[in-house]
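Reading through the structure tokens given below for one structure.
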Amino acid sequence: GTPPPGMAWAVADLTLTAPSVRLLTLVHAFPSLLRLSLSGVQASETMRTENMAAPSWGRLDALQIDLSTLYSYPLRCRVRRLEVLHSSSPRSQEIEGFLSDLASMSPEVLTIPLKGQPPPFWMRVAKSAPRLRSLHLSGIANIDANGLREVLVRDYTSHSCMGTVSDLDI
């Protein structure tokens, strides 16, 4: 349940699977939250619109979330460590939502599954996350990691938008 009006829980870590609660309720119930893990929510334009209008935490140390859940729960706060969980086949609206939300979160550390995203995707990631210092690519199968590292370093660090990444883990 929710705490009585005017009360909140002093919780630093919260994990929710398939929540059906509004972001506003979470922010009011857990104002001192530092680490959040959310997953299992279907992408919903109605939820996204409602939750975008809600206030958010000022800052989170860590957020672990899948793309469809992020689409429904767009966070408008700084997130130091963002881990995007594997999504079997993200829809284009979820990817666009992620890229849009990334600018608000501006992570220093980003872990993201690599599933054949084209170069323009990575340029948008770089431009949306200017504070990015560490990029961890996960979920790589049947790909030449050294070749990918060369491409990312050559093509993206040569642009000022990716020049701040000092730790690239593939």
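Excluded from the calculations below are hydrogen atoms, water molecules and symmetry mates; all remaining heavy atoms, backbone and side chain alike, are included. Since the model is a prediction, treat every value here as computed from it, not as a measurement.
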Under 3.5 Å, is there a donor on one side chain and an acceptor on the other for Glu83 and Thr111? no
Has Glu50 got a side-chain atom pairing as donor or acceptor with Met47's backbone, closer than 3.5 angstrom? no
Nearest 0.5 Å, please: how far is CG in Leu60 from CH2 in Trp57? 6.0 Å
Please find the pair of heavy atoms, one from Val79 and one from Ala62, that lie closest to each other, and give the distance. CG1-C, 4.3 Å
Between the CG atom in Leu67 and the CD1 atom in Ile112, the distance rounded to the nearest 0.5 Å is 6.5 Å
Which value, rounded to the nearest 0.5 Å, describes the distance between Arg80 atom CZ and Ser134 atom OG? 10.0 Å
Of all heavy-atom pairs between Val41 and Pro19, which one has the smallest distance, and what is that distance? CG2-CD, 3.4 Å
Would you check if the side chain of Asp13 reaches a backbone N or O of Arg35 as a donor-acceptor pair within less than 3.5 Å? no
Side chain Ser39, main chain Thr17, donor-acceptor under 3.5 Å: no
Is there a path of hydrophobic side-chain contacts, each under 4.5 Å between heavy atoms of I/L/V/M/F/W/Y residues, joining Val27 to Leu75? yes
Is it true that a side-chain atom of Thr49 and a backbone atom of Glu45 form a donor plus acceptor pair closer than 3.5 Å? yes
Quick one: CZ on Arg59 to SG on Cys77, what's the gap to the nearest 0.5 Å? 9.5 Å
Using distance alone, with no hydrogens and no angle criterion, decide if Arg76 and Ser104 have a side-chain donor and acceptor under 3.5 Å apart. yes
Shortest non-hydrogen pair, Leu23 vs Tyr73, comes out as N-CE2, 4.1 Å
Any chance you could lay out the side chain to side chain contact (heavy atoms under 4.5 Å, CB included) test for Glu96 and Arg124, step after step, and finish with the verdict? CA-CA 10 Å; Glu96 286 301 315; Arg124 289 183 63 194; 3.0 Å; yes
Applying the 4.5 Å side-chain criterion to the ILVMFWY set and letting contacts propagate, would Leu24 and Leu70 be lumped into a single cluster? no
The reported gap from CG in Asp101 to CG in Leu82 (rounded to nearest 0.5 angstrom) is 10.0 Å
Quick one: does any side-chain atom of Arg133 pair with a main-chain N or O of Arg131 as donor and acceptor, under 3.5 Å? yes
The test is side chain to side chain contact (heavy atoms under 4.5 Å, CB included); show your working for Glu94 and Ser68 and say whether it passes. CA-CA 6 Å; Glu94 295 168 357; Ser68 62; 3.3 Å; yes
Taking every non-hydrogen atom, the tightest pair across Ser128 and Leu99: OG-O, 3.5 Å
Side chains of Tyr71 and Gln42: donor-acceptor distance under 3.5 Å anywhere? no
Rounded to the nearest 0.5 Å, how far does CZ of Arg22 lie from NE2 of His28? 8.5 Å
Under 3.5 Å, is there a donor-acceptor pair between the side chain of Asp66 and the main chain of Gly40? yes
Report yes or no: do Met105 and Leu85 belong to one cluster of Ile/Leu/Val/Met/Phe/Trp/Tyr joined by side chain heavy-atom distances under 4.5 Å? no
Path from Leu38 to Leu14 over hydrophobic side-chain contacts below 4.5 Å: yes
Would a hydrophobic clustering, with Ile, Leu, Val, Met, Phe, Trp and Tyr connected at side-chain separations under 4.5 Å, put Val109 with Leu36? no
So, Ser72 and Arg48: side-chain donor and acceptor under 3.5 Å apart, yes or no? no
